[in-house]
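Start at 1 and go down the list; that is how both ligands and their atoms are numbered.
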Amino acid sequence: MSSDFRTGGSPATDTLGLAEEEVVSLASELIRIDSTNTGDPDTVVGERAAAEYVAAQLADVGYETTYVESGAKGRGNVFARLEGADPSRPALLVHGHLDVVPADASEWSVHPFSGAVQDGYVWGRGAVDMKDMVAMTLATARRLKRDGIVPPRDIVFSFLADEEAGGLQGSQWLVDNRPELFEGCSEAIGEVGGFSITVKDGVRAYLIETAEKGIAWMRLRVRGRAGHGSMLTDDNSVVRLSEAVARLGRHTFPLVMTDSVREFLAAITELTGLEFPEDDIDGAVAKLGGLARIIGATLRDTANPTMLNAGYKANVIPSSAEAVVDCRILPGRQPAFERELDEILGPDVEREWIANLPALETSFDGPLVDTMSASIMAEDPGAKVVPYMLSGGTDAKAFDRLGIRCFGFAPLKLPADLDFSALFHGVDERVPVDALKFGTRVLDRFLRHC
Ligand SMILES: [Zn+2]
């Protein structure tokens, strides 16, 4: 083994300081590449340019990169592998997506694709979802290579297309068509976790994502008898569909405490004294501020009607009516949810899934979790690291299908008064410069000890 062989501890050259500088310009430059994903494959822009930018940053310090288009032209993904000290250990996957949701410049204080660095923040679409983590990953990957650091095991860096439309032309396509790119990966980190909330007296809790609700989009259809709008009818598809949609939209699904939510609430009780009694859990969770939006949605399944479609002329009773419902289902609840759904809808409403990405959940334990905690605590002594469930979905849904244990870990130390969850897909999305530097230091330590 050469004298150059180093793992973990302090490298001979140390350019972590340079990585902390680079992360800011990397985030800003990534935001300037407009990679808007409207969900309509014909109008997607910039994923290829973003992927080429990432590949160039990696190649610049000596990585061999693989560029893959997933499903369609321009859906760019980039992969690079850093060899670890112990080839017998399974690899760690570090994943980030390159696309962003649309932004309407007229609503913003700065142009959403300016990547402006001002007032201590990097501004723009993607600043927290998730060009911040892409920049931290790039800065850290560059530093590890530059300084000849050998991590304990192989690390697979991946930068992906199409997350914002469910990954059908990104992670899901890659898992189906190019599973060898993830060969040997047993665990993964990505969005949405590792960020801090200030619970009291400046004590921060860092939330590691250990679970995600399932995403199930459902089409409802009611068939009736077509006829003239002037005549009597007892079989109007619009009426029967509306009644079913209203019943479902007003329904409250039962409270189900999953392990991730139970552990999260227990940790918050320990830190703040705030109790979460089962008979008023919604009231108690509402006291969590901005975070209540996410945590509140992880207490039960939800079904929100989002689209309606029927008819083509004012005096024609249509023969069918359709609705789309956005269902979000807790881990382990799919069969029970469907039974409840059928009871609410009744026998005359047809239903079909137009998207169905299952929930996932892993336990908050083991060496990788210990390393996450230690890496955060080294940079923020006194912090507490807690698991939580994301109410939305990420590319982890695809990697879970390969048996990879997925965590949301994109570390950011945030100011107490920042409403972080509102920034996701929000106006004036921005990330603190100090948080990017903090995240780079944490990620660096984490990857050197993973
Ligand atoms: Zn995202």
Under 2.8 Å: N/O/S of Glu164 next to the Zn ion (ligand 1): no
Check: Phe364 ring centroid to Phe407 ring centroid under 6.0 Å: no
Note: Lys437-Glu379 ion pair, threshold 4.0 Å (strictly below): no
Nearest heavy-atom neighbours spanning Gly194 and Tyr206: O-CD2, 3.2 Å
Presence of N, O or S from Glu163 under 2.8 Å of the Zn ion (ligand 1): no
Opening angle at the Zn ion (ligand 1) [OD1, Asp129; OE1, Glu191; to 10 degrees]: 100°
Check ion pair Arg75-Glu69 (N to O, under 4.0 angstrom): no
